[in-house]
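Data first, discussion second: the structure below is written as structure tokens.
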Amino acid sequence: MPVISNCTPNAISVAAKALKEGNLVAFPTETVYGLGADATNITAVKRIYSVKARPIGHPVIVHISSINRLDKWSEEIPKYAIKLAEDFWPGPITLILRRSKLAKNFITGGQDNVGLRVPNHRVALELLESFEKLGGIGIAAPSANKFGAVSPTTAKAVFRELSSYLDLKDLILDGGKCSVGIESTIVDCTRNFPVILRPGAITTEMIQHSSNLKVMSRLKKISIKASGLLDSHYAPLAKVIESSDVEIGEGFIAMSTIDTPYGAIRLASPRCIQQYARDLYSAFRDADIQGITSIKIIPPDGPGLAEAIRDRIHKASSS
Ligand code: TXA
Ligand code: MG
């Protein structure tokens with residue numbers, strides 16, 4: 001079982017060393033916690049799959065410390081993708097690019113594309129820099145949850161979910177609660193224009209503005225394999241239903257302006273869209289911890305981040 005460590009400079013260098021030696025390190029990002037491994041180490045990356053019980057063949061995002069590392073992992077990068085990286089990194093956006101030779105099949109799921117991201121979190125960036133000083137090139141990290149489950153937004157949630165599958169030499173870095181709370185926007189940059197595969201805090205409008213191109217949303221019959229694109233995903237054990245028709249003992253999530261129906265167990269009352277994103281997954285997890293079996297939820301209205309939240313609620317309720 002791994003230990004949870006506070007993020008002192010010493011703990012971060014211990015974690016970087018653990019990664020370099022082929023162990024797994026769960027670490028905070030601004031979106032959700034990631035389960036990291038040396039992205040060039042096939043054995044370490046394979047362990048991520050077994051710990052998560054993730055079907056093989058799903059690609060993992062490679063986290064890098066800065067835009068300067070982009071051309072280590074990718075090539076033939078379109079100009080608009082460089083602009084997106086300049087405008088939004090470090091930040092909650094993953095770019096799918098033509099892979100370089102470094103990005104092996106065990107990272108890309110056998111595709112010719114690789115997903116890259118510079119996270120905007122002090123601990124993640126310090127870990128990446130420390131790892132690079134030891135000769136590391138990138139950290140492969142999916143969200144630190146079991147396949148299909150809700151992404152963790154605290155170290156405690158990672159511990160609860162994965163500790164019994166991790167080894168003594170693996171680590172969990174505690175960097176507090178994630179500030180964004182839902183996963184990064186994923187943008188396919190392998191065409192002449194950006195295609196959003198997964199909505200997130202970097203919105204369609206922001207991508208449109210930065211790239212000055214028409215942005216497409218995920219294509220229905222996309223050939224790319226992305227587990228976050230499955231309809232049923234990001235789901236708690238409790239059944240999630242989009243409805244305000246609540247029965248006694250059911251969980252309830254809605255904006256704070258909406259009153260709690262009689263007999264409902266209020267799981268979250270966000271005051272703004274950002275708080276909705278930040279609290280959604282911890283509210284789902286709270287429901288499971290409390291043994292609540294059904295959650296009624298009123299999704300937020302509006303464009304941008306609200307759209308990303310509706311996407312996750314839809315996926316959670318499709319199971
Ligand atoms: O915010 C995030 O993106 C978090 C933090 C830890 O960075 N990571 C995350 O990873 O959500 P994961 O693996 O749980 O979700 C990433 C999604 C998956 O659905 C994966 O299939 C897709 O991105 N993906 C990764 N590389 C890809 C690629 N080369 N082509 C298409 N999809 C890719
Ligand atoms: Mg995930």
Side-chain angles (χ1 to χ4, degrees), residues 24-37 39 45 48-49 51-64 73-74 81 88-100 103-121 123-125 127-128 138-153 155 157-158 161-162 173 175 178-191 195-202 218-219 222-235 277 281 308 311-312 315-316:
L24 304 186
V25 173
F27 62 97
T29 79
E30 79 281 35
T31 57
V32 300
Y33 274 71
L35 180 62
V45 173
I48 292 181
Y49 283 79
V51 167
K52 279 180 64 87
R54 193 186 215 215
I56 45 161
H58 281 291
V60 282
I61 298 172
V62 177
H63 296 70
I64 50 177
W73 290 97
S74 58
F88 301 121
W89 279 353
I93 181 168
T94 297
L95 304 180
I96 307 291
L97 296 161
R98 193 71 56 211
R99 68 169 164 181
S100 72
K104 298 284 193 295
N105 285 344
F106 63 85
I107 289 293
T108 70
Q111 303 177 91
D112 285 335
N113 308 323
V114 62
L116 299 172
R117 176 163 112 83
V118 180
N120 187 16
H121 193 291
V123 173
L125 289 171
L127 178 66
L128 281 159
I139 302 177
S143 51
N145 51 277
K146 283 285 187 183
F147 180 71
V150 176
S151 297
T153 54
V158 177
E161 179 138 347
L162 297 183
L173 288 174
C178 300
S179 59
V180 174
I182 58 168
E183 306 81 357
S184 63
T185 307
I186 300 182
V187 186
D188 178 2
C189 300
T190 61
R191 303 159 200 248
V195 180
I196 298 182
L197 301 181
R198 180 174 73 182
I202 304 295
R218 95 180 182 189
L219 307 171
I222 202 118
S223 58
I224 269 175
K225 280 187 251 167
S227 58
L229 303 182
L230 300 176
D231 265 349
S232 169
H233 211 69
Y234 311 103
Y281 289 160
D311 167 78
R312 301 311 192 277
K315 282 169 182 153

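Just so you know, ligand 1 is whichever comes first in the structure, and atom 1 is the first atom listed for that ligand.
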Can a donor-acceptor pair be found, under 3.5 Å and without considering hydrogens, that links the side chain of [X] to the backbone of [Y]?
X: Lys52; Y: Ser143; answer: yes
X: Arg312; Y: Ala277; answer: no
X: Thr185; Y: Gly200; answer: yes

Where Phe106 and Tyr49 come nearest, the two heavy atoms and their spacing: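 That closest heavy-atom pairing would be O-OH, 4.0 Å.
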
Using a 3.5 Å cut-off on N or O atoms only, is [X] in polar contact with ligand 1?
X: Ser184; result: yes
X: Thr31; result: yes
X: Thr108; result: no

Atoms of ligand 1 close to [X] [distance to a heavy atom under 4.0 angstrom, numbered from 1]:
X: Gly34; value: 6 (C)
X: Ile186; value: 17 (C), 22 (C), 23 (O)
X: Asn113; value: 29 (N)
X: Arg54; value: 12 (P), 13 (O), 18 (C)
X: Val114; value: 29 (N)
X: His63; value: 5 (C), 6 (C), 7 (O)
X: Val32; value: 4 (C), 6 (C)

Note, Leu95 side chain near Phe88 side chain (heavy atom, < 4.5 Å): no

Check: Ser179 and His121 side chains under 4.5 Å, non-hydrogen atoms: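 A side-chain contact is absent here, since even the closest heavy-atom pair is not under 4.5 Å.
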
Distance (rounded to the nearest 0.5 Å) between Glu183 CD and Thr94 OG1: 10.0 Å

Nearest candidate to atom 15 (O) of ligand 1, where distance is taken over non-hydrogen atoms, out of His58, Arg198, Arg98, Gln111: Arg198

Nearest-option assignment for atom 9 (C) of ligand 1, heavy atoms, candidates Ser143, Pro59, Cys178: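 Among Ser143, Pro59, Cys178, the closest heavy atom to atom 9 (C) of ligand 1 comes from Ser143.
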
Test: Glu30 and Arg117 ion pair at under 4.0 Å: yes

Ligand 1-proximal atoms of Arg117, by part, heavy-atom distance under 4.0 Å: side chain

Stepwise side-chain contact (heavy atoms from CB on, under 4.5 Å) check, Val118 with Leu125: CA-CA 8 Å; Val118 180; Leu125 289 171; 3.9 Å; yes

Ser151 near the Mg ion (ligand 2) via N/O/S, less than 2.8 Å: no

